[in-house]
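Naming convention: chains lettered A, B, ... in sequence-line order (proteins, then strands); numbering from 1 in each chain. Side chains included, hydrogens not; waters and symmetry mates left out as well; all remaining heavy atoms used.
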Number of protein chains: 2
Amino acid sequence: MNKYTNMTRASRLILIEKMVSEKNITSQEELLRLMEGTGMKCTQATLSRDLRQLGVSRGFDSKGGYRYMLPGKTAKTADTLPGHESEAVTGITWARDMMLIYTYPGFASAVALKIDRAGRYEIAGTVAGDDTILVIPRDNISNEAVEECISLIFKNNSQEKQ
Amino acid sequence: MNKYTNMTRASRLILIEKMVSEKNITSQEELLRLMEGTGMKCTQATLSRDLRQLGVSRGFDSKGGYRYMLPGKTAKTADTLPGHESEAVTGITWARDMMLIYTYPGFASAVALKIDRAGRYEIAGTVAGDDTILVIPRDNISNEAVEECISLIFKNNSQEKQ
DNA sequence: GTCATATTTGTATATTTATTCATTTATAAT
DNA sequence: ATTATAAATGAATAAATATACAAATATGAC
């Protein structure tokens, strides 16, 4: 049953979602002013509660600026129906402070893509052949840190369902 | 060029990501205390800056509680080397005394071919994946020399197109 | 309508997070 | 090494956001 029969509140929540999805909102004060412009007014306190209710949170845009965003937009998982890249891995070893990942033939680039997309700064880059990936850590990053990192990427991968 | 050469900072960033991914962090103060527990200490101000750098933001978990979380699959801005941009090249960095060149998907081998054909002594060889090129300098060749070299190749490249 | 109860809201304030500025530390050039 | 330049940091503080509590408003039963 719908708990939100209060019209004022209901339409305010709708307006907030609309504003957040369309505009680049950087603070609650800013959103407040935008909403006032449309005749819908409330206080920052109410906005704070509404945003929590909606799951709208302040994150960062691509340039590192603040931006309020809808819950779906935060964890953008555009890629991946497959999501079982880690199963293609047959072995891992270290040589010259670089990690070598072995996969079933043809799977290297798919696994490497997964690693690249994780955007981990510990990893300067990967180069994938057909069944082997060369993972190049940044300077001063320990092998353990990279292993941690790779482990995490594969873990996240298997958890990724939404 | 690699921006993360500071050991203390680099490992702190790693720890932060680890903490955020493993624990349910609800505030910076909380994270601060957790980190202190491992011997890594800094102030809330530094943490605030680090979190922005990492794109880690405070959102809501399924129950509406606060929780710091890693960024979605937002593209990280590659550290670019000014003046070396050729159309397909999206970024350049150094790791383990090797140059890594990032390109748009599918362009790596084309760019690598260009480099190979220049026949520069400084460059022992290249290995290209789909969107990443590993440039291996000869022994005793400085990074600067290789950059000079690559810059020259790209300059020639862009002149060809005009 | 009245009454009882639950929800919503604003004010004031507490808490949390971001930023300024001075200092220190690292990196680069000579 | 020495000096210059840039990056990182902490302390203090500003700015932004959350919450306690009282008042107002809505909802449901009669």
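Here C:dA18 presents its P atom at 6 Å from CZ of A:Arg58, a figure rounded to the nearest Å. The CZ-P distance, from A:Phe60 to D:dA16, rounds to 14 Å in whole Å. Counting to the nearest Å, the P atom of C:dT9 and the CD atom of A:Gln53 are 10 Å from each other. Rounded to whole angstrom, the span from the CG atom of A:Leu51 across to the C1' atom of C:dT8 amounts to 16 Å. Counting to the nearest Å, the P atom of D:dT9 and the CG atom of B:Asp50 are 7 Å from each other. Between the CE atom of B:Met40 and the C1' atom of D:dG10 there is a distance of 16 Å, rounded to whole Å. Atom CZ of B:Arg12 is separated from atom P of C:dA26 by 12 Å (rounded to the nearest Å). Protein atom CG of B:Leu13 is 16 Å distant from nucleotide atom P of D:dA7, rounded to whole Å.
Here the nucleotide nearest the side chain of A:Thr43, chosen from C:dG10, D:dT9, D:dA16, is C:dG10.
B:Lys18 is linked by a salt bridge (Lys or Arg N to Asp or Glu O under 4.0 Å) to B:Glu22, counting only residues two or more places apart in sequence or in another chain. Residues passing the side chain to side chain contact (heavy atoms under 4.5 Å, CB included) test with A:Glu36, sequence neighbours excluded: A:Lys41.
Contact record, A:Met98 with A:Pro137: CA-CD, 4.2 Å, taken as the closest heavy-atom pair. Nearest heavy-atom pair across A:Ser21 and A:Leu70 is CB-CD1, 3.7 Å. Heavy-atom minimum distance, B:Ala128 versus A:Val127: C-CG1, 4.0 Å. For the pair A:Glu30 and A:Thr26, the tightest heavy-atom approach, listed with the atom from each and the gap, is OE1-OG1, 2.5 Å.
No donor-acceptor distance shorter than 3.5 angstrom exists from the side chain of B:Arg58 to the backbone of A:Arg58, with no hydrogens or angles considered.
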Please produce a list of atom pairs where a protein N or O lies less than 3.5 Å from an N or O of nucleotides 19-22 of chain D.
from, atom 1, to, atom 2, distance (Å)
D:dT19, OP2, A:Arg52, NH2, 3.3
D:dT19, OP2, B:Tyr66, OH, 3.4
D:dA20, N6, A:Arg49, NH1, 3.4

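Following chains of ILVMFWY side-chain contacts shorter than 4.5 Å, one cannot reach A:Ile14 starting from A:Tyr68, and the two form parts of different hydrophobic clusters.
With a 4.5 Å cut-off between side-chain heavy atoms of Ile, Leu, Val, Met, Phe, Trp and Tyr, the cluster of B:Phe60 takes in B:Tyr66.
Contact annotation: B:Tyr68 side-chain N/O to C:dT16 OP1/OP2 distance is not under 4.0 Å.
With values rounded to the nearest 0.5 angstrom, A:Ser57 atom OG is found 13.0 Å from B:Arg67 atom CZ.
Residues of residues 23-36 of chain A having a heavy atom closer than 4.0 Å to DNA chain D, listed by number: A:Ser27, A:Gln28.
Direction of the helix axis in the helix from C:dG1-D:dC30 to C:dT30-D:dA1 shifts by 50° between the two five-pair termini, rounded to 10°.
Looking at B:Arg9 and B:Asp50, their side chains come closer than 4.5 Å, going by heavy atoms from C-beta outward.
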